[in-house]
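Nothing fancy with the numbering, it's 1 onward along the sequence.
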Amino acid sequence: QVHLVESGGGSVQTGGSLRLSCTGSERTFSRYSMGWFRQAPGKEREFVAAISWNVGDTYYADSVKGRFTIYRDNTQNTLYLHVKSLRPEDTAVYYCNAIDYTNYLRVFGSWGQGTQVIVSS
C-alpha cells in the first residue's frame, strides 16, 4: 500500500496561488496513477485532478480546469498540485492518493491528514 504525506497548504487571498506537494514513501510510487482530492467543511470529499503513472495524461474537475495543474516527479516520489487564481470556494483540506486512472474514484492508498487551503475574500 502507498503511504502519502501532503504539504504546502496555507492561507491566501482570492487570486493567490500555492503549490501543494504529496510525497510517497513507497518505492513503487512511480507505478501508480495519482490523484488530488479535497474536502470542504460540511461537504463530501471530491475529486480535483489526476495524472497517469507515466505522466502522459492528466484530467481535471471542471471547477478547477485552467486554474490548477497536476504534475509529478517520479525521481523524488513526489506529486504536485499548482493552484492559482484561488477562490473562496477552493477552501478545503486537500488530499492525494494512488488511483485507478480508468476510475479515479477508486483509490489504493489510505487517506493521510491532508493539507489545509484557506482562501479569504
About how many Å separate CZ of Arg45 and OH of Tyr94, when rounded to the nearest 0.5 Å? 13.5 Å
Tell me whether Ile70 is reachable from Val83 by hopping between hydrophobic residues (I, L, V, M, F, W, Y) whose side-chain heavy atoms are closer than 4.5 Å. yes
Partners passing side chain to side chain donor-acceptor pair (under 3.5 Å) against Asn97 (at least two apart in sequence or in another chain): none
Criterion side-chain contact (heavy atoms from CB on, under 4.5 Å) on Phe68 and Val48, from CA distance to verdict: CA-CA 9 Å; Phe68 290 12; Val48 174; 3.7 Å; yes
Please check if the side chain of Ser17 supplies one atom and the backbone of Lys84 the other of a donor-acceptor pair under 3.5 Å. no
Start with the C-alpha gap between Glu46 and Gln39, add the side-chain angles, then the distance that decides, and say whether side-chain contact (heavy atoms from CB on, under 4.5 Å) holds. CA-CA 6 Å; Glu46 64 175 1; Gln39 186 168 18; over 6 Å; no
As an exercise, state the distance from CG of Leu86 to OG of Ser121, rounded to the nearest 0.5 Å. 13.0 Å
Are Met34 and Tyr95 joined in one hydrophobic group, where the rule is that I, L, V, M, F, W and Y side chains link up if heavy atoms are under 4.5 Å apart? no
Restricting to salt bridge (charged side-chain N to carboxylate O under 4.0 Å, His left out), what partner residues turn up for Asp73, sequence neighbours left out? none
Between Thr102 (side chain only) and Asp100 (backbone N and O only), is there a donor and an acceptor less than 3.5 Å apart? no
Same cluster or not: are Ile51 and Tyr32 linked, directly or through other Ile, Leu, Val, Met, Phe, Trp or Tyr residues, by side-chain heavy atoms under 4.5 angstrom apart? yes
Return the set of residues passing salt bridge (charged side-chain N to carboxylate O under 4.0 Å, His left out) with Arg67 (not counting sequence neighbours), or none when no residue passes. Asp90
Hydrophobic clustering (ILVMFWY, side-chain heavy atoms < 4.5 Å, transitive) - are Leu20 and Leu79 grouped together? yes
Contact summary for Val93 and Gly114, nearest pair of heavy atoms: CG1-CA, 3.8 Å
In chain order, what residues pass the salt bridge (charged side-chain N to carboxylate O under 4.0 Å, His left out) check against Lys43, with sequence neighbours excluded? none
Path from Leu18 to Val64 over hydrophobic side-chain contacts below 4.5 Å: yes
Rounded to the nearest 0.5 angstrom, the SG-CG distance for Cys96 and Leu81 is 10.0 Å
Rounded to the nearest 0.5 Å, the CZ atom of Arg72 sits from the OG atom of Ser30 at a distance of 7.0 Å
Could you tell me whether Gln13 atom CD has more than 12 heavy atoms of other residues or ligands within 6.0 Å of it? no
Keeping the roles fixed (side chain from Ser21, backbone from Tyr80), state whether a donor-acceptor pair exists under 3.5 Å. no
For Phe47, give me all partners under side chain to side chain contact (heavy atoms under 4.5 Å, CB included), at least two apart in sequence or on another chain. Phe37, Ala50, Tyr59, Ala61, Tyr104, Leu105
Main-chain N/O of Val5 paired to Thr23 side chain as donor or acceptor, under 3.5 Å: no
Closest approach of Arg87 and Ser63, non-hydrogen atoms and distance? NH1-O, 4.0 Å
When every non-hydrogen atom of Thr91 is compared with those of Ala40, the smallest separation belongs to O-CB, 3.6 Å
With no hydrogens and no angle check, is any side-chain donor or acceptor of Ser52 less than 3.5 Å from a backbone partner on Asp57? yes
Closer than 3.5 angstrom, by distance alone: can the side chain of Ser33 be matched with the main-chain N or O of Trp53 as a donor-acceptor pair? yes
Return the set of residues passing salt bridge (charged side-chain N to carboxylate O under 4.0 Å, His left out) with Arg19 (not counting sequence neighbours), or none when no residue passes. none
Please round to the nearest 0.5 Å and tell me the distance separating atom CD of Glu89 and atom CZ of Arg38. 8.0 Å
